[in-house]
**Student:** 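Mind looking over this structure? Questions follow.
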Amino acid sequence: MVLLSGWRMASFEHSGDERRDDELHRVRHSLAHVLAQAVLDMQPGATLGFGPPIKDGFYYDFILSEPLTEADFPEIERRMRKIIKKGQRFYREDLPAAAALARIDEMGEPYKREYGAELLEKHGLQELSFYRNGPFLDMCEGPHVHTTKDIPRDAFKLRSVAGAYWRGDSRNRMMTRIYAWAFADREALEAHVERWRLAQERDHKKLGRELGIFAIDNEVGRGLPLWLPNGTVIRDELEKLAKELEFKAGYQRVATPQLAREALYFKSGHLPYYAEDMYPAMQVVESRRLDDESEEDEESAPGLNDNAGQTGADEADSPRQGSRQGDGVEKMAVSIGSSVGLRDRATLSVKDAYRLRPMNCPHHHKVFAASPRSYRELPMRLAEYGHVYRWEDSGAVGGLLRVRGMCMNDAHIYCTETQIKDEFKAVMRLYQRAYAVLGLDNYVVRLSRWDPEDPKGRDKYVDNPGAWARSEAILAEVLREMGVNYVDGVGEAAFYGPKIDIQFTTVTGREESLSTVQLDFSQPESLGLRYVGADGELHTPYCIHRAPLSTHERMVAFLLEHYGGAFPTWLAPVQVQVITVSERFDSYAKTIVAGLRERMVRAELAPSSDTVPKKIRQGVTMKIPNLLVVGEREAAEGKVTLRRYGQKAQHTLSFAAFQAALLNTIESRSLEFLLPE
RNA sequence: GCUCACAUAGCUCAGUCGGUAGAGCACUUCCUUGGUAAGGAAGAGGUCAUCGGUUCGAAUCCGAUUGUGAGCACCA
């Protein structure tokens with residue numbers, strides 16, 4: 001290896017950042033270069049994007065002439081190991097702006113060129129750094145290992161190939177991204193892969209099928225889950241919990257329809273801001289037969305598609321609307337009324353249009369508006385587990401996490417400005433209580449703010465900078481006063497105001513919002529909500545939107561993964577299963593089951609034709625929390641033998657004692673079974 | 001929506017070179033009455049996602065569509 005002038009050995013530089021200087025970080029970053037070298041070796045014309053280290057390894061983005069698939073992984077890995085074995089040294093060179101750009105031009109890397117120019121111009125860098133190892137040259141800020149021999153050859157594994165937009169912007173070209181795991185040694189890699197494999201076992205889609213929680217049928221529709229009996233039990237229990245907590249917190253329940261006329265959604269701001277996320281309109285069409293001789297109304301026939309003309313929606317401006325037509329949206333528009341004989345000579349006009357609701361708030365606002373309100377009624381807290389429907393992108397829909405029809409633990413709190421903080425705190429306490437009951441503690445609180453710099457700003461957020469600043473300050477104050485740690489989420493706000501979101505990570509490593517509390521300074525005004533203040537004047541209330549228990553869909557998905565399907569007794573679809581040692585004890589078992597069911601315990605008798613081990617196995621497979629084994633010993637003395645899920649130790653106790661303990665466990669929603677002293 | 005992969009029984013999967021479909025579990029019936037993770041036997045169950053093409057012949061090869069998964073973008 002000839003050391004070019006200007007190049008120095010990589011290991012001499014230090015960035016001063018402790019994490020970045022971390023050895024594993026260097027190894028991962030260097031492996032990304034080794035991967036790129038191997039891929040360029042196989043496809044000499046490939047173009048490079050970014051190739052950074054990530055939390056469990058690294059990736060590299062390419063534009064390839066021939067698609068790579070996972071079938072190519074063994075060959076790529078083989079070449080990578082070969083490169084590592086060569087002991088290529090990493091050399092660094094810093095070039096001043098002009099020379100750096102010339103160097104990138106020589107490299108023929110248009111994406112590196114774009115980024116390099118941006119670093120120099122926007123970020124004001126004076127020079128750019130380059131790294132070379134063997135024949136591979138990359139514009140890169142480092143750091144790297146000293147030589148490829150410093151990279152363990154058996155501690156990385158290519159994971160998956162995926163598409164990713166250049167600079168994370170869907171207007172840009174899609175590149176091919178290769179993800180890989182990488183660790184300090186083989187044991188760490190294998191342990192990680194094993195943890196990852198175990199996590200897949202907890203995937204809610206797998207557990208949901210195995211435990212009979214939900215099913216999705218394509219004839220019903222994508223993202224429209226069917227709740228099976230076991231899943232419906234969990235929903236009912238969650239609703240019961242929410243209703244109790246909300247009743248105690250002074251909420252009132254309401255019930256409102258799942259659709260409304262379009263005009264409501266123009267006023268609320270949903271159609272101007274979120275039309276592309278709503279199901280298409282259901283149009284009420286009026287048809288009138290034409291006489292053969294009078295054809296003057298011919299041009300009004302296209303009115304069937306002329307939704308905008310009727311409603312004022314400027315949907316032509318929505319860039320996504322056009323692309324969705326291929327998705328069958330046009331065909332889904334429903335004609336109500338006289339659709340008979342449309343092929344005959346008839347003229348059509350849209351009389352009215354309805355939309356499935358994407359959110360419950362406009363309906364609740366209308367409940368508020370149903371009668372004149374006084375400040376004495378505030379804060380008014382209106383709650384409903386409301387069904388909403390959203391036209392999620394096809395690529396986003398999956399399992400219970402992203403669905404097109406969902407049921408939300410929703411409520412809207414109407415209050416005065418001075419009440420906002422206390423109400424927000426009360427909501428935060430309510431979700432903290434709910435989470436404590438459910439045993440959830442692995443979440444992150446995010447203050448979701450608007451992004452005034454967002455190029456799509458006007459289309460994405462209500463344009464009222466002063467209100468944004470005030471409301472964001474109130475939320476930050478609430479969090480500070482409550483001593484809640486939170487992360488900043490610029491650009492994560494709702495269109496009508498900032499939010500406090502509770503973020504969870506799924507077993508597959510994806511972060512999703514579970515709960516949300518939002519401050520709305522926009523909708524009450526646009527819907528003309530008013531109350532009479534102490535001063536006798538009309539005022540507009542503030543509105544807090546909140547969903548501590550999320551949607552049933554998302555909450556059950558998280559709970560399935562959180563508990564690994566083994567629900568605490570109060571939530572379990574089957575709380576007790578009775579297993580008889582022989583059919584001779586069926587009548588005793590039936591008495592037990594009937595007694596428990598009389599007290600609303602979800603108890604069942606296992607089928608009697610199976611052997612005891614088989615019945616135990618099935619009960620365990622279904623993750624039933626409490627199995628009761630009864631035979632001669634128990635029947636004679638009115639006892640039961642309790643076998644708790646996941647525990648070898650068993651307890652034989654009188655049925656009366658068991659029942660009392662069980663009812664206590666359920667009543668208190670304990671995560672553990674409360675055995676008698 | 002985008003990139004890549006995948007689609008065989010309710011579930012998990014096999015199916016060779018293109019020659020007319022297989023296993024285990026689950027299900028049904030019968031036998032077994034068994035004390036802590038699969039007792040035994042028999043039976044039933046498939047338009048190989050859909051549509052089209054190539055071929056004497058397609059689960060198998062090609063194309064389109066739909067769906068699923070991973071990732072990206074999106075996410076009230």
Side-chain angles (χ1 to χ4, degrees), chain A residues 59 61 63-64 67-72 159-179 200 203 205-206 209-210 212 215-219 221-222 268-270 273-274 276-278 319-320 322-324 326-328 357-361 388 390-399 401-402 406 408 410 448 460 492-497 499 501 508-513 516 518 520 523 545 547 551 554 579-586 608-621 627 629-634 641 643 648 650 652:
Chain A
Y59 68 76
D61 289 340
I63 295 212
L64 303 167
L68 279 176
T69 72
E70 294 189 15
D72 299 309
R159 174 158 55 108
S160 61
V161 54
Y165 296 108
W166 167 242
R167 312 295 310 268
D169 189 328
S170 59
R171 288 168 300 191
N172 291 338
R173 184 149 176 204
M174 177 149 279
M175 308 181 109
T176 301
R177 175 172 297 177
I178 297 178
Y179 280 100
Q200 308 307 301
D203 188 303
K205 296 187 287 293
K206 178 173 155 64
R209 183 176 54 244
E210 290 170 355
I216 292 178
D217 184 308
N218 193 35
E219 281 190 281
R222 285 186 85 168
S268 68
H270 290 92
Y273 289 98
Y274 280 98
E276 69 272 26
D277 282 310
M278 292 175 67
R320 294 166 69 185
S323 64
R324 279 163 185 246
D327 228 7
R357 64 179 176 192
M359 287 165 69
N360 301 304
C361 30
V388 296
R390 300 174 185 178
W391 190 256
E392 295 286 347
D393 280 339
S394 59
V397 172
L401 278 175
R402 284 291 283 278
M406 68 210 88
M408 182 180 284
D410 215 350
S448 300
K460 218 170 151 184
E492 303 283 358
F495 73 81
Y496 46 71
K499 313 184 281 177
D501 292 318
T508 47
R510 197 169 12 189
E511 186 184 291
E512 298 279 3
S513 293
T516 181
Q518 311 170 357
D520 180 353
Q523 283 191 57
H545 307 238
T551 59
R554 210 167 257 194
I579 290 168
T580 54
V581 168
S582 133
E583 252 168 29
R584 286 188 290 133
F585 310 107
D586 274 9
S608 54
S609 66
D610 290 319
T611 59
V612 173
K614 178 78 171 279
K615 286 186 273 196
I616 299 276
R617 180 183 159 80
Q618 281 171 345
V620 172
T621 304
L627 298 179
V629 181
V630 297
E632 193 152 18
R633 300 201 290 266
E634 290 81 6
T641 295
R643 187 193 205 279
K648 277 277 169 227
Q650 294 175 56
T652 299

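In what follows, chains are A, B, ... by sequence order, proteins preceding strands, each numbered from 1.
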**Student:** Sticking with atom P, work out how far B:A23 lies from B:G15, rounded to a whole angstrom.
**Tutor:** 15 Å

**Student:** Among side-chain atoms of A:S608 and A:E583, is any donor-acceptor pair under 3.5 angstrom?
**Tutor:** yes

**Student:** Determine the contact category for A:E210: base if any of its heavy atoms lies under 4.0 Å from a base atom, sugar-phosphate if only primed atoms, P, OP1 or OP2 are that close, otherwise nothing.
**Tutor:** nothing

**Student:** Using whole Å, report how far CZ of A:R209 lies from C1' of B:U68.
**Tutor:** 11 Å

**Student:** Would you say the side-chain atoms of A:D203 pair up with the backbone N or O of A:Q200, donor to acceptor, closer than 3.5 Å?
**Tutor:** no

**Student:** Could you tell me the Watson-Crick or G-U partner of B:U55, where both distances fall under 3.5 Å? Say none if there is no partner.
**Tutor:** none

**Student:** Under 3.5 Å for both donor-acceptor distances, Watson-Crick or wobble: does B:A70 have a partner, and if so which one?
**Tutor:** B:U3

**Student:** Under a 3.5 Å cut-off for both contacts, is B:A14 paired Watson-Crick or G-U wobble with anything, and if yes, with which nucleotide?
**Tutor:** none

**Student:** In this structure, how many angstroms lie between the P atom of B:C72 and the CH2 atom of A:W166, rounded?
**Tutor:** 17 Å

**Student:** Could you check how far CG of A:D610 sits from P of B:G35, rounded to whole Å?
**Tutor:** 14 Å

**Student:** Using only heavy-atom distances, determine whether the side chains of A:T641 and A:E634 contain a donor-acceptor pair under 3.5 Å.
**Tutor:** yes

**Student:** Return the value, rounded to whole Å, for the distance between atom CD1 of A:I616 and atom P of B:G35.
**Tutor:** 12 Å

**Student:** Can you tell me the pairing partner of B:C30 across any strand shown, Watson-Crick or G-U wobble, with both distances under 3.5 angstrom?
**Tutor:** B:G40

**Student:** When you get a sec, tell me which of B:G71, B:A76, B:C4 is the closest nucleotide to the side chain of A:Y179?
**Tutor:** B:G71

**Student:** From the set B:U68, B:A26, B:A37, return the single nucleotide nearest to any side-chain atom of A:R222.
**Tutor:** B:U68

**Student:** Which nucleotide wins on minimum distance to the side chain of A:V629, given the candidates B:U36, B:A76, B:C74?
**Tutor:** B:U36

**Student:** If you find the nucleotide of RNA chain B closest to A:Y496 and the one closest to A:E70, which residue's nucleotide is nearer the 5' end?
**Tutor:** A:E70

**Student:** Return no unless some side-chain N or O of A:Y274 is found under 4.0 Å from OP1 or OP2 of B:A76.
**Tutor:** yes

**Student:** If I pick the P atom on B:G45 and the same atom on B:G22, what distance separates them, to the nearest angstrom?
**Tutor:** 14 Å

**Student:** Would you find a donor on one side and an acceptor on the other, under 3.5 Å apart, between the side chain of A:R390 and the backbone of A:D277?
**Tutor:** no

**Student:** Without decimals, in angstroms, what is the distance between A:M408 CE and B:C75 P?
**Tutor:** 15 Å

**Student:** What integer distance in Å separates A:R171:CZ from B:G1:P?
**Tutor:** 20 Å

**Student:** I'd like the C1' distance from B:U54 over to B:G63, given in whole Å.
**Tutor:** 11 Å

**Student:** Between A:R167 and A:D169, does any side-chain N to carboxylate O distance fall below 4.0 Å?
**Tutor:** no

**Student:** Donor-acceptor pair, A:R554 side chain versus A:S513 backbone, under 3.5 Å?
**Tutor:** yes

**Student:** Just the rounded figure in Å: distance from P of B:A7 to CG of A:N218.
**Tutor:** 17 Å

**Student:** Can you tell me how far C1' in B:U20 sits from the matching atom in B:C48, rounded to whole Å?
**Tutor:** 12 Å

**Student:** Using purine N1 to pyrimidine N3 plus N6-O4 or O6-N4 for Watson-Crick, or N1-O2 and O6-N3 for G-U wobble, each under 3.5 Å, what pairs with B:A49?
**Tutor:** B:U65

**Student:** Given B:A76, B:C75, B:A37, which nucleotide is nearest the side-chain atoms of A:R643?
**Tutor:** B:A37

**Student:** For A:T69, report the nucleic acid contact type (base, sugar-phosphate, nothing); a contact means any heavy atom under 4.0 Å.
**Tutor:** sugar-phosphate

**Student:** Starting from P on B:C72, measure out to CZ on A:R173 and report it in whole angstrom.
**Tutor:** 20 Å

**Student:** Taking the C1' atom in each of B:A44 and B:U28, what is the distance between them to the nearest angstrom?
**Tutor:** 7 Å

**Student:** Categorize A:P358 for me: base, sugar-phosphate, or nothing, with a 4.0 angstrom heavy-atom threshold over every strand shown.
**Tutor:** base

**Student:** For nucleotides B:A37 and B:C61, find the distance between their P atoms and express it as a whole number of Å.
**Tutor:** 45 Å

**Student:** When you compare B:G71 with B:C27, how far apart are their C1' atoms, in angstrom units rounded to a whole number?
**Tutor:** 38 Å

**Student:** With distance as the sole criterion, is a donor-acceptor pair present between the side chains of A:Y179 and A:R177 under 3.5 Å?
**Tutor:** yes

**Student:** Nearest to the A:S582 side chain among B:U33, B:U36, B:A73, which nucleotide is it?
**Tutor:** B:U33

**Student:** Pick the P atom in B:C74 and in B:U55, then give their distance to the nearest Å.
**Tutor:** 48 Å

